[in-house]
Number of protein chains: 2
Amino acid sequence: MSSVAPASGLRERNRVRRTRRVERASLELALEHGVDHVTVDMICEASDISPRTYFNYFGTKEGALLGLGNVPYAESDIEVFLSAGGHIVEDLLHLVAATFVASEPDRDVYLMRRRLFAREPELQGLQLARMAGKRHALTRVVEQRIAAERPDLPPAEVCDEAQLVVAVAAGAFPVAGRVWAEREDAAEHIEVVIADVIARVRRIVAS
Amino acid sequence: MSSVAPASGLRERNRVRRTRRVERASLELALEHGVDHVTVDMICEASDISPRTYFNYFGTKEGALLGLGNVPYAESDIEVFLSAGGHIVEDLLHLVAATFVASEPDRDVYLMRRRLFAREPELQGLQLARMAGKRHALTRVVEQRIAAERPDLPPAEVCDEAQLVVAVAAGAFPVAGRVWAEREDAAEHIEVVIADVIARVRRIVAS
DNA sequence: TGCATTGTTGCAGTCTCTGCAACTTTGCCG
DNA sequence: CGGCAAAGTTGCAGAGACTGCAACAATGCA
């Protein structure tokens, strides 16, 4: 209920402003000193917030670095995925991409994050860890679609297949994101990039 | 130098025995009380070791739960991968599987770990996070092989391709592991399972 | 046996994170 | 406007994870 809140009240606007300020501050500090030479107290001082409040917002020290990625998949996007008839991995990537785009309005912060992640791979690990929760949910959705598409498949196979689909998508998404971020020139539609990446995966696995 | 050490001396044998004792104790405690109701002190008391030594061994509280997965890829296995001429994802999975098998001699502990992971998905996330570090190393190895196989490919493409190969393998490995663990009846050789899983991935991506 | 290497431990201290109880701000309605 | 309820922020005390250091113990080796 809060993820897509229209930021109407003063309260909401303050919250958003604060979040941005803290995220930006934490990223700047981490880029300058390295993640583990940054303390929560430093972040708080730089963004004028109390440590207690920091944890209320972000939960962990790295929370601000990763961003509040708690945005759940929109019902409507899930419906689209379930009733889409395209290549399943491709459709799934579109679902993920839509959610991603919806949750990340600040390109500036996004780029800093990218730079930081490139420098400190452990963060990417944390990112993955956070995704792990979502993967469960996602896998179920994929199972649903597979079961609907091929009703004669035994449930165990459906489960395996869904896991593999999610795994491939989860692996391909960062690559697609990277390619997309590099070709910032024309803001090429992510659909093209996704199709391209899938084609590559196909070639790799088929060879 | 220590990963494949033949446990010749008393020193080495002590180390192995201790490691096992601590891992087992931590898993038992976690299965009984839940991960976050277990403290390092509890683990230490149960396994008769000092907290300081615990951290020397495992580094983090969850270290003992995840197992000493710090085993680096053996040079020899890497060489095999680099000069192998098979399907690249398959060869890579064999490399990973070989390392995995080499580091996990205790089936008992392995099963407890499996049970715990099923109960607490967050741990799976940590597992992934830990892998993230290795992924870098692996990606480089894969790049090396791709570059050798197709010298005319531009470096950027090599990089992308390697990332995708690693991503697919990383996604497929847990599934292969699961299938393999379930078919414990005949201890079927993991090679068969791997080939099977890859075939599935191929079908998924190709459809 | 004696010495060098390696490993274990306790200690002091820093940092992350939590529950709780004030306190402050915002939203709202008469 | 005034005042009340809801929501949010903060400080504090404390548990627990983790580290560097220096003493101490065990092991390997000549």
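Residue numbers begin at 1 in each chain, while the letters A, B, ... track the order of the sequences.
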* Would a 4.5 Å heavy-atom cut-off, applied to side chains only, mark Ile204(B) and Val168(A) as touching? ->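 Ile204(B) does not reach Val168(A) side chain to side chain.
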* Would Arg20(A) and Glu23(A) pass as an ion pair if we require N to O under 4.0 Å? ->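 Looking at Arg20(A) and Glu23(A), the cut-off is not met.
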* Could Arg24(A) and Glu28(A) be called an ion pair, given the rule that one side-chain N must be under 4.0 Å from one carboxylate O? ->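 Not counted as a salt bridge, because no side-chain N and carboxylate O are separated by less than 4.0 Å.
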* **Minimum-distance nucleotide to Arg52(B) side chain [options: dT10(D), dA6(D), dT19(D)]** =>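 When the side chain of Arg52(B) is considered, dT19(D) is the closest of dT10(D), dA6(D), dT19(D).
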How close or far is atom [atom2] of [N] from atom [atom1] of [X], stated in whole angstroms?
X	N	atom1	atom2	value
Arg11(A)	dG8(D)	CZ	C1'	6 Å
Arg15(B)	dG28(D)	CZ	P	13 Å
Lys61(B)	dT19(D)	NZ	P	15 Å
Glu12(A)	dA6(D)	CD	C1'	15 Å
Glu62(B)	dA17(D)	CD	C1'	9 Å

* Is it true that a side-chain atom of Arg119(A) and a backbone atom of Leu31(A) form a donor plus acceptor pair closer than 3.5 Å? ->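 Yes.
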* Asked: Judged by atom type as modelled, is there a donor-acceptor pair below 3.5 Å linking the side chain of Tyr54(B) to the main-chain atoms of Lys61(B)?
  ->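 Side chain of Tyr54(B) to backbone of Lys61(B): a pair is present.
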* Does OP1 or OP2 of dT10(D) have a side-chain N or O of Thr53(A) closer than 4.0 Å? ->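 So the side-chain polar atoms of Thr53(A) do come within 4.0 Å of the phosphate oxygens OP1 or OP2 of dT10(D), strictly under.
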* Asked: Quick one: is dT9(D) close enough that its OP1 or OP2 comes under 4.0 Å of any side-chain N or O from Tyr57(A)?
  ->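 So the side-chain polar atoms of Tyr57(A) do come within 4.0 Å of the phosphate oxygens OP1 or OP2 of dT9(D), strictly under.
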* Measure the spacing between OG of Ser26(A) and CD1 of Ile43(A) and express it to the nearest 0.5 Å. =>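 Reported to 0.5 Å precision, the distance equals 5.0 Å.
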* Have a look at Asn56(B) and say if it touches a base, only the backbone sugar-phosphate, or nothing, with a 4.0 Å heavy-atom cut-off. =>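 Result for Asn56(B) = base.
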* Step through the shown structure and confirm whether more than 12 heavy atoms of other residues, nucleotides or ligands are within 6.0 Å of CD on Glu45(B). =>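 Open: at most 12 neighbouring heavy atoms sit under 6.0 Å from CD of Glu45(B).
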* Taking atom CD of Glu122(A) as the centre, report whether more than 12 heavy atoms of other residues, nucleotides or ligands fall under 6.0 Å from it. =>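 Atom CD in Glu122(A) is not crowded, with 12 or fewer foreign heavy atoms closer than 6.0 Å.
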* More 5' along DNA chain C: Gly59(A) or Arg18(B), using each one's nearest nucleotide? ->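 Whichever sits nearer the 5' end wins; that is Arg18(B).
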* DNA chain D-proximal residues of residues 39-46 of chain B, any heavy atom under 4.0 Å ->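 Those residues are Thr39(B), Val40(B).
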* **Outermost nucleotides of DNA chain C that come under 4.0 Å of a non-hydrogen atom of chain B** =>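 Footprint of chain B along DNA chain C, 5' to 3': dT5(C) to dC11(C).
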* **Side chains of Arg11(B) and Asn14(B), donor plus acceptor under 3.5 Å** =>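 Note: Arg11(B) and Asn14(B) side chains miss the donor-acceptor criterion.
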